[in-house]
Amino acid sequence: MDHGPMREPHFRDEPTEDPRRAPGSPVAPTTVPGLKRVLFGPTAEYDREHRPWRALLATEPFRARAVPDGADRVALSYQRLHLLNDDLDSALELAADPARLASLHEWTAPVDSGLTTIAGIHYNLFLGSLLDHDRQPGRELGDYLALRRVGTFLCTELDHGNDAGALRTTATYDPAADGFVLHTPDPGARKFMPNTGGYGGPKTGLVAARLVVDGDDHGVFLFLTPLTDASGPLPGVTVRPLTEKYGSPVDHCLTSFEHVRLPRHAMLAGEHGRLGADGVLTSAVGNRRRRFLRSIDRVTTGKLCMSAATLGAVRAALAIAVRYSHHRGISGARGGTRVPVFAHRSHHGPLVSALAASYAMTLLHRETVRMFRVRPADARGRERAERMAAVAKGWVTWNGRRILIECRERCGARALFPANRLATLCADSEGPITAEGDNLAVWVKAGAEMLLDHDSAPPSDAPAGRPLTDPGFLGDLLASVERVHLHRARRRLRQAPPGDPLGRWNAAAPHALRAVAAFAQRRAGEALLGAARTAEPDTGPLLLDLYRLFALERIGEHAGDLLAEGRLTGDQTTALPDAVEELIASLAGQALTLVEAFDLPEEVLADVPIAGPRIHAGLVASDTRPPRRFPLDVPRAERPAALTR
């Protein structure tokens with residue numbers, strides 16, 4: 001695709017051999033469509049959850065452009081949010097659908113992480129929370145649906161991050177006015193770090209605050225609070241911009257309240273708590289902590305969205321790195337010859353391993369979303385679904401960062417230039433690791449829960465005679481890793497001295513956290529193996545090899561434990577490295593096919609110079625394409641047709 005008026009340097013690599021001639025099985029014409037169906041679902045599901053976002057990203061307003069500073073990048077992200085909102089059939093339907101919310105993050109993250117952040121806050125945390133609570137007379141949604149007011153979410157405070165249940169902002173009920181007084185009692189209670197800056201238009205927030213009635217603290221609820229208008233913060237609201245952070249910029253701020261009065265309908269009520277006209281709180285949830293968690297339930301959906309954003313970035317980075325590796329030529333073993341850098345095992349090995357992991361990560365995420373959408377009504381089933389979302393979020397985002405760094409390094413110095421996206425994707429990967437619950441904190445909670453409520457798979461048959469190519473054997477080994485660490489954690493918990501809860505947990509924590517990781521790996525492997533077994537004939541064997549590679553590499557990390565526990569024999573342990581190498585050699589020839597199935601719009605990849613044969617483009621300042629403007633005041637009817645589908 002033409003990149004526009006961009007001058008290309010006179011130097012370029014010599015032609016290399018056809019990269020598709022690398023070792024591997026021939027690719028059938030139906031392989032890529034089959035892989036797409038595995039990754040994105042059948043046609044109806046793809047059309048509902050993925051195609052609209054993919055089509056939007058291919059339009060002109062979402063194409064890459066030169067935006068020199070942070071302020072302009074923030075403004076561009078909000079401009080795109082308005083365009084995205086104009087393109088929606090229904091913002092309410094989007095907010096009510098966890099799968100579509102997740103896919104929104106999945107597709108926008110590789111293009112504009114700032115947009116991903118503010119869209120997730122508006123549609124999931126803000127609109128979603130309004131939908132999940134009681135509808136109240138006087139609470140109109142029209143301004144939020146039309147984005148005449150942007151929604152934001154104010155929960156964590158300077159002194160209360162992962163322990164947000166202990167936050168100190170108060171909403172005191174005033175019976176005379178039949179309303180609330182929202183107040184920040186001390187500097188540590190200032191809200192950190194909502195997007196309450198002056199970009200995107202007037203803003204309204206959902207503020208997490210302690211409900212105080214007649215001096216009694218009833219726990220944390222959400223309160224709908226207008227924050228700014230066209231002139232700036234409203235009376236009693238103080239907004240202080242934060243310094244620039246690592247990653248794509250967003251208008252993050254410190255926000256506080258000085259006796260701000262709110263009407264009765266500002267409180268978001270539900271079965272976890274309703275305040276009667278007499279000022280008496282009734283609740284079906286007696287525990288204040290559980291009331292708080294129910295109030296901010298949308299944070300769990302946000303975990304799915306953070307995983308999805310990382311997945312989108314990982315697949316984009318792998319597509320860029322694999323394509324670059326086939327275009328970038330280096331000197332061959334014989335004088336005067338050139339080969340693609342991908343031909344070297346030292347180069348393609350890490351990328352092939354990352355491809356196997358990316359397929360497993362994607363399918364684990366799909367399974368987690370399905371599990372979350374049909375959460376059982378009983379408390380235990382609901383808690384298990386929410387735990388799975390937390391476990392998957394930590395595993396996907398941590399592994400995603402590792403893969404993104406690998407892709408950046410495999411593309412050398414060119415990957416440090418913003419035009420080639422990889423450095424930006426690496427920086428943006430830090431946000432999901434911390435957002436919607438810091439990974440370590442949510443895994444600590446999951447690990448503690450697993451010690452009390454998690455059934456380990458029974459021991460498998462003796463390993464002697466079972467080949468490392470047997471998918472069932474590999475699944476048993478992944479389950480054994482999980483069982484080993486869970487049993488060790490429980491043993492250390494029992495052996496720790498009584499009377500010191502923190503000391504007992506500290507004794508068990510290392511193995512509990514390893515059990516959480518092993519649980520995620522097992523479930524990801526099961527998802528990938530399940531897809532391989534049900535896939536079409538042209539894709540099943542390829543997916544099966546991806547599963548074998550994914551499983552063997554994780555088993556290899558725990559070979560010592562498995563050998564000591566009698567789950568591997570000495571011969572099998574010795575054979576593990578060779579089995580991995582054989583799979584990498586076989587799959588290397590399919591790398592381009594595997595990334596083609598990621599279905600990234602060619603328009604997006606065309607904006608990344610190293611993703612095509614013109615790998616030197618975009619390195620010199622004069623080569624930079626001028627910014628393309630798409631002002632918000634262009635009438636909808638005059639916008640590109642693809643924007644309105």
Side-chain angles (χ1 to χ4, degrees), residues 52-67 69-97 100-101 103-128 130-131 140-153 194-206 226-232 239 248-253 305 309 601 603-604 627-645:
W53 310 128
R54 184 185 186 278
L56 193 66
L57 295 186
T59 61
E60 181 69 13
F62 292 84
R63 298 288 301 279
R65 61 190 69 194
V67 183
D69 58 46
D72 282 351
R73 291 174 66 190
V74 175
L76 177 61
S77 294
Y78 276 101
Q79 182 183 56
R80 287 169 166 168
L81 176 67
H82 281 268
L83 294 171
L84 186 154
N85 195 72
D86 288 347
D87 196 50
L88 291 175
D89 294 328
S90 169
L92 283 178
E93 290 180 7
L94 172 62
D97 190 338
R100 288 185 63 206
L101 284 169
S103 63
L104 164 64
H105 288 69
E106 194 169 322
W107 289 96
T108 57
V111 172
D112 186 341
S113 182
L115 167 65
T116 307
T117 299
I118 60 178
I121 293 169
H122 178 77
Y123 294 113
N124 176 49
L125 295 177
F126 181 80
L127 274 181
L130 289 176
L131 288 179
E140 300 297 332
L141 302 183
D143 284 346
Y144 314 129
L145 301 180
L147 267 186
R148 290 187 292 271
R149 296 193 70 84
V150 176
T152 184
F153 195 78
N195 57 315
T196 49
Y199 294 87
K203 292 180 178 173
T204 296
L206 290 178
L227 301 171
T228 63
D229 60 16
S231 301
V239 176
S248 294
V250 175
D251 56 331
H252 292 303
C253 299
C305 293
E603 292 86 351
V604 171
R628 281 177 282 198
R629 301 298 181 186
F630 195 84
L632 287 176
D633 57 0
V634 174
R636 181 181 175 88
E638 297 177 21
R639 295 176 183 172
L643 269 177
T644 55
R645 290 202 303 277

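The chain is numbered in sequence order, starting from 1.
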### Query
Counting distance only, does the side-chain N/O of His105 pair as donor-acceptor with the main-chain N or O of Ala119 below 3.5 Å?
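Checking the backbone N and O of Ala119 against the side chain of His105, no donor-acceptor pair under 3.5 Å is found.
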### Message
Would the distance check show the side chain of Ser77 and the main-chain N or O of Arg73 forming a donor-acceptor pair, the cut-off being under 3.5 Å?
### Response
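Judged by distance alone, yes, a pair lies under 3.5 Å.
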Of all the heavy-atom pairs spanning [X] and [Y], show the shortest one and how long it is.
X: Glu603; Y: Ala58; result: OE1-CB, 3.6 Å
X: Ala309; Y: Thr116; result: CB-CG2, 4.2 Å
X: Tyr123; Y: Leu147; result: OH-CD1, 4.5 Å
X: Asn85; Y: Ala91; result: OD1-CB, 4.1 Å
X: Trp53; Y: Leu104; result: NE1-N, 3.4 Å
X: Ala95; Y: Leu131; result: CB-CD1, 3.7 Å

#### Entry: Residue pairs fulfilling salt bridge (charged side-chain N to carboxylate O under 4.0 Å, His left out) with at least one residue in residues 107-127, sequence neighbours excluded
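As it turns out, the salt bridge (charged side-chain N to carboxylate O under 4.0 Å, His left out) pairs with a partner in residues 107-127, which skip direct neighbours, are Arg80-Asp112.
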In the structure I gave you, are the side-chain heavy atoms of [X] and [Y] within less than 4.5 Å of one another anywhere?
X: Thr108; Y: Phe62; value: no
X: Leu141; Y: Leu130; value: yes
X: Leu56; Y: Trp107; value: no

Can you list everything that forms a side-chain hydrogen bond (donor to acceptor under 3.5 Å, both in side chains) with [X]? Sequence neighbours excluded, please.
X: Ser113; value: none
X: Thr117; value: none
X: Asp251; value: Tyr78, Lys203
X: Thr228; value: none

### Message
Tell me which one of Leu206, Leu145, Leu94 satisfies side-chain contact (heavy atoms from CB on, under 4.5 Å) with Leu127.
### Response
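By the side-chain contact (heavy atoms from CB on, under 4.5 Å) criterion, Leu127 pairs with just one of Leu206, Leu145, Leu94: Leu145.
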### Query
Sequence neighbours excluded, which residues qualify as ring-ring contact (aromatic ring centres under 6.0 Å, His included) partners of Tyr199?
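ring-ring contact (aromatic ring centres under 6.0 Å, His included) check on Tyr199 returns nothing, list empty.
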With [X] via side-chain contact (heavy atoms from CB on, under 4.5 Å) - residues at least two apart:
X: Ser231; answer: Asp229
X: Pro194; answer: Thr152, Leu154, Lys191, Thr196, Thr255
X: Ala146; answer: Arg148
X: Glu93; answer: Ser90, Arg100

### Results of salt bridge (charged side-chain N to carboxylate O under 4.0 Å, His left out) for Arg149 - residues two or more places apart only
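For Arg149, no residue satisfies salt bridge (charged side-chain N to carboxylate O under 4.0 Å, His left out) once neighbours in sequence are set aside.
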### Query
Going from CG on Asp86 to CG on Leu81, what distance comes out if it is rounded to the nearest 0.5 angstrom?
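Reported value, rounded in 0.5 Å steps: 9.5 Å.
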### Message
Show, in sequence, the C-alpha distance, side-chain angles and deciding distance for Ile118 and Val150, and conclude whether the side chain to side chain contact (heavy atoms under 4.5 Å, CB included) test is met.
### Response
CA-CA 9 Å; Ile118 60 178; Val150 176; over 6 Å; no
